[in-house]
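Beneath this line is the structure, given in structure tokens, with notes to follow.
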Amino acid sequence: MRKIVILDGYAANPGDLSWDALAALGQLTVYDRTLPDETVMRAREAEVVLTNKVYIGRQEMEQLPLLRYIGVLATGYNVVDIDAAHERGIVVTNVPAYSTESVAQMVFAHLLTAVNRTEHYALQNRRGRWSDCPDFCYWDTTLTELAGKTFGIVGLGNIGQRVAAIANAFGMRVIAFTSKEAEALPSYIEKCSMDDLLAQSDVLSLHCPLTPTTRHLINRQSLLLMKSTAILINTGRGPLVCDEDVAEALQAGRLAAYCADVMTQEPPQTSNPLLTCDRAYITPHIAWATREARQRLVAVAIANVGAFVDGRAVNRV
């Protein structure tokens, strides 16, 4: 019987979803987590291996002669040496677009946190602040209306386009730095240069892939081009920004807020300066993790394996 191994299934399915449909396709073994030096041992008899964040490179593949298929439990597939896989005839698949709605939702959860500070007021009121207030209301932070502000986007893939539509629904002007032709964009999106995007955005949201060109796209130099009142949002990839430069800008008052669901290193080191910045709002890489998105992820991942078993390859990378 075909052996199937999931190297790190816990993040996608901590127990609230089912792998039964995958188990019907072969002898399934699920590991919650796998350390780098455990990868070969655990996958050595498997024809099918699924991974989320466990790296499978050339060295691992050379020690896995039975391996015929790697299914990435994510959209990004930089956890696999694609060239090495192709050389060995190993099929690699991913799960595209499963988290679009959830990630777009998190963008605005972060943005609304920054402009309305709901978590701050909820905490203060648990401590009795409102009950002790001499007036019917109080506020001790700046509260900002989004309508009429400029929302800038870097990258107009599935998530970037969805974020643009929501920003437009908030009554915001939407501008974007994108490789797409201006004529192909919805009428409410204005294409512009990167420098204009930095200079004009009241909110700047990053949705481009991580490449050598986009690594540290947001750095000391680019931050100097931004408004000091701007809010920077990163739900894409941590290394799109230089953590130290963003922290410095926040501390110097040259950036109003940084909202991020991703970090350069995950989990981040406790010494990362962003973790102690008052106006840095950091969530632990959970934008993708709604139950609905994870259900789609698991369903498509299993369907990918099923197609491979049937002699087809879907969502191949």
N/O donor-acceptor pair under 3.5 Å between [X] side chain and [Y] backbone:
X	Y	result
N116	T118	no
K227	A199	no
Q63	E60	no
D8	N52	yes
D202	T150	yes
K191	A176	no

Does the cation-pi check pass for R173 over F151, that is, NZ or CZ under 6.0 Å from the six-membered ring centre and within 45° of its axis?
->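 Here R173 fails the 6.0 Å and 45° test against F151.
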
Is the NZ or CZ atom of R42 positioned over Y31's six-membered ring, under 6.0 angstrom from the centre and within 45° of the axis?
->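 Yes, a cation-pi geometry holds between R42 and Y31.
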
May I ask you to decide whether [X] forms a salt bridge with [Y], counting only side-chain N to carboxylate O separations under 4.0 Å?
X	Y	answer
E47	K3	no
R220	D245	yes
E119	R117	yes
R33	E38	no
E87	R58	yes

Do the side-chain N and O atoms of N272 and D243 include a donor-acceptor pair separated by under 3.5 angstrom?
->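 D243 and N272 do have a side-chain donor-acceptor pair below 3.5 Å.
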
Test item: side-chain donor near acceptor, T283 and H110, under 3.5 Å =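 Looking only at side-chain atoms, H110 and T283 do form a donor-acceptor pair, the distance falling under 3.5 Å.
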
Side chain to side chain donor-acceptor pair (under 3.5 Å) between Y69 and T93, intermediate numbers included = CA-CA 8 Å; Y69 174 95; T93 68; 2.6 Å; yes

Is the number of heavy atoms from other residues, nucleotides or ligands within 6.0 Å of OH (Y10) greater than 12?
->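 Counting other residues, nucleotides and ligands, OH of Y10 stays at 12 neighbours or fewer.
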
Does atom CG of D278 have more than 12 heavy-atom neighbours, drawn from other residues, nucleotides or ligands, at distances under 6.0 Å?
->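 Atom CG in D278 is not crowded, with 12 or fewer foreign heavy atoms closer than 6.0 Å.
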
Under the side chain to side chain donor-acceptor pair (under 3.5 Å) criterion, do N125 and Y138 qualify, and how do the steps go?
-> CA-CA 11 Å; N125 293 339; Y138 73 92; 2.8 Å; yes

Side chain to side chain donor-acceptor pair (under 3.5 Å) assessment of Y55 paired with T39 | CA-CA 8 Å; Y55 184 71; T39 301; over 6 Å; no

